[in-house]
Amino acid sequence: MPVTNSCVNGTFNNLDRVLKEASMEDKTVILTTLNDAWAEPGSIFDVFLESFKRGNGTHKLLDHLVIVALDHKAYVRCLKLHPHCYALLTQGTDFSGEADFMSADYLQMMWRRIDFLREVLEKGYSLIFTDTDIMWLRDPFPRFYTDADFQIACDYFGGNPSDRNNAPNGGFTYVKSNNRTVEFYKFWYRSREQYPGKHDQDVLNEIKMDPFLDEIGLRMKFLDTAYFGGFCQASRDLNLVCTMHANCCVGLDNKIHDLKILLDDWRQYMKPLPNANPSLSWSVPQDCKGSFNKPHHHHKQQD
């Protein structure tokens with residue numbers, strides 16, 4: 001069972017308090033999850049926070065970011081770097097190491113996340129969920145659809161935001177808190193039993209056409225990769241990009257390597273030089289390219 005109210009590392013770990021302190025005026029929060037392997041100094045977490053500081057109009061959004069730590073060491077690291085940390089500790093489960101894509105630990109971690117997001121929605125908070133391997137380069141709010149309950153980034157976007165044949169990526173979602181989204185998240189979580197061995201994104205692909213979504217009136221939209229890009233389908237115009245995701249990539253070291261290059265590309269773009277190259281584009285993916293077929297070094301919990 002998750003520990004929702006406890007003293008962790010000398011800090012009173014209370015979800016309601018953390019959400020309230022991080023909330024925007026309209027009760028919206030930004031959430032990401034973090035474990036020890038991704039929280040080590042020089043790892044993804046550092047690059048993630050740096051993107052908010054380097055992005056155009058994104059620094060202020062750090063005030064509304066809640067880091068959901070999945071193990072004790074990640075929580076301790078978060079407390080050193082960020083004001084809004086919550087320890088989502090699950091008794092009897094160790095989420096501290098780098099979980100192989102689609103391993104039992106990986107699947108359990110992904111489904112724990114879906115259930116937690118449902119809990120946040122039930123508390124009346126709208127949310128942006130972002131994976132930690134997503135670089136925030138511009139404020140995404142102007143690019144969200146005003147008439148959607150649930151909007152999600154894509155690995156591949158076909159051009160129509162209402163077309164459920166788009167290939168969604170669960171690493172970036174904007175969800176408004178209402179009865180429709182709460183019921184949807186409950187349905188999504190329940191559906192894991194119908195599709196055993198599949199992660200949340202694959203199950204979403206299975207249920208996105210389900211009549212139940214129309215019965216509850218859920219308004220679903222898919223986000224254009226021109227604004228919300230990734231290594232699967234990059235946002236080609238640096239004048240438009242809001243976020244870039246190290247998707248279509250496995251291996252923590254591969255992600256870190258390419259995301260650091262991505263931030264270097266962004267720095268070059270942001271330089272106010274009179275002869276700046278208007279056709280500047282991404283130098284990535286590099287190590288991420290073909291990473292599914294390459295062995296990679298595992299990051300385990302550090303004693």
Side-chain angles (χ1 to χ4, degrees), residues 1-2 31-38 44 68-71 74 88-121 129-134 150 152-157 164-173 175 181-213 215-216 218 220 222 230-233 245-255 288 290-301:
M1 291 293 293
L31 300 167
T32 194
T33 50
L34 186 69
N35 71 348
D36 179 39
W38 286 46
I44 292 277
V68 181
L70 299 173
D71 62 78
L88 183 67
L89 306 180
T90 307
Q91 291 173 359
T93 307
D94 180 9
F95 287 143
S96 60
E98 180 186 354
D100 268 338
F101 183 65
M102 295 307 292
S103 66
D105 281 352
Y106 176 87
L107 291 172
Q108 190 175 359
M109 196 156 48
M110 294 300 100
W111 285 114
R112 183 69 195 93
R113 183 174 86 184
I114 293 295
D115 198 37
F116 175 74
L117 296 180
R118 184 267 313 156
E119 186 181 346
V120 172
L121 293 169
F129 177 80
T130 173
D131 274 347
T132 321
D133 61 346
I134 290 178
F150 173 85
I152 185 166
C154 297
D155 284 337
Y156 300 98
F157 180 71
R164 293 188 187 178
N165 289 305
N166 283 304
N169 185 298
F172 190 90
T173 53
V175 193
T181 55
V182 169
E183 286 306 308
F184 169 60
Y185 268 77
K186 287 179 180 176
F187 176 64
W188 191 357
Y189 185 70
R190 281 198 310 272
S191 297
R192 79 196 188 285
E193 297 168 359
Q194 193 177 345
Y195 302 98
K198 292 198 171 188
H199 63 62
D200 57 312
Q201 188 172 305
D202 281 346
V203 171
L204 176 62
N205 260 324
E206 297 284 354
I207 66 172
K208 65 187 180 183
M209 305 289 192
D210 196 288
F212 179 74
L213 274 58
E215 288 170 21
I216 62 174
L218 184 79
M220 178 185 289
F222 297 86
F231 293 167
C232 301
Q233 191 176 62
H245 189 183
N247 53 6
C248 288
C249 180
V250 293
L252 188 51
D253 290 334
N254 295 329
K255 287 177 181 279
C288 280
S291 60
F292 282 89
N293 301 316
K294 294 186 291 192
H296 64 272
H297 168 69
H298 281 83
H299 292 251
K300 295 297 184 185
Q301 184 177 23

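Along the sequence shown, the residues carry numbers beginning at 1. These figures come from a predicted structure and were not determined experimentally.
Between Ile114 and Val203, the closest side-chain pair of non-hydrogen atoms is not below 4.5 Å. Proximity of Lys208 to Pro168: side-chain heavy atoms (C-beta onward) are separated by under 4.5 Å at one or more points. Using a 4.5 Å heavy-atom cutoff, the side chains of Ile152 and Asn169 are not in contact. Between Leu204 and Phe184, some side-chain heavy-atom pair lies under the 4.5 Å cut-off. Between Asp210 and Glu215, the closest side-chain pair of non-hydrogen atoms is not below 4.5 Å. Here the side chains of Thr33 and Leu88 are not in contact, with every heavy-atom distance at 4.5 Å or above. Residues Phe116 and Val68 form a side-chain contact, since some pair of their non-hydrogen atoms from C-beta on lies under 4.5 Å apart. With a 4.5 Å cut-off on side-chain heavy atoms, Asn205 and Lys198 do not count as touching.
Note that CD1 of Ile44 and CH2 of Trp38 are 5.0 Å apart. Values are rounded to the nearest 0.5 Å. Expressed to the nearest 0.5 Å, how far CD of Glu183 lies from CG of Leu121 amounts to 11.5 Å. Here Arg192 contributes atom CZ and Trp111 contributes atom CH2; the two are 7.5 Å apart, rounded to the nearest 0.5 Å. With rounding to the nearest 0.5 Å, the separation of OG in Ser191 from CG in Asp202 is 13.0 Å. The CD atom of Gln201 sits 8.5 Å away from atom CH2 of Trp188, with the distance rounded to the nearest 0.5 Å.
Judged purely by atom type and a 3.5 angstrom limit, Thr130 has no side-chain atom pairing as donor or acceptor with the backbone of Thr32. Judged by distance alone, the side chain of Arg164 and the main-chain N or O of Met209 form no donor-acceptor pair under 3.5 Å.
In terms of the side chain to side chain contact (heavy atoms under 4.5 Å, CB included) criterion, residue partners of Asp131 (sequence neighbours excluded) are, by chain and number, Arg113, Phe129, Asp133, Ile134, His245. By the side chain to side chain contact (heavy atoms under 4.5 Å, CB included) test, Cys248 pairs with Tyr156, Cys232, sequence neighbours left out. By the side chain to side chain contact (heavy atoms under 4.5 Å, CB included) test, Arg118 is found to be paired with Asp115, Glu122, Tyr185, Lys186, residues two or more places apart in sequence or in another chain being considered. Every ring-ring contact (aromatic ring centres under 6.0 Å, His included) that Phe212 has, sequence neighbours left out, goes to Phe187. Residues satisfying the disulfide (SG to SG under 2.5 Å) test with Cys249, not counting sequence neighbours, are Cys288. By the side chain to side chain contact (heavy atoms under 4.5 Å, CB included) test, Ala74 pairs with Leu34, Ala39, Ala69, Asp71, sequence neighbours left out.
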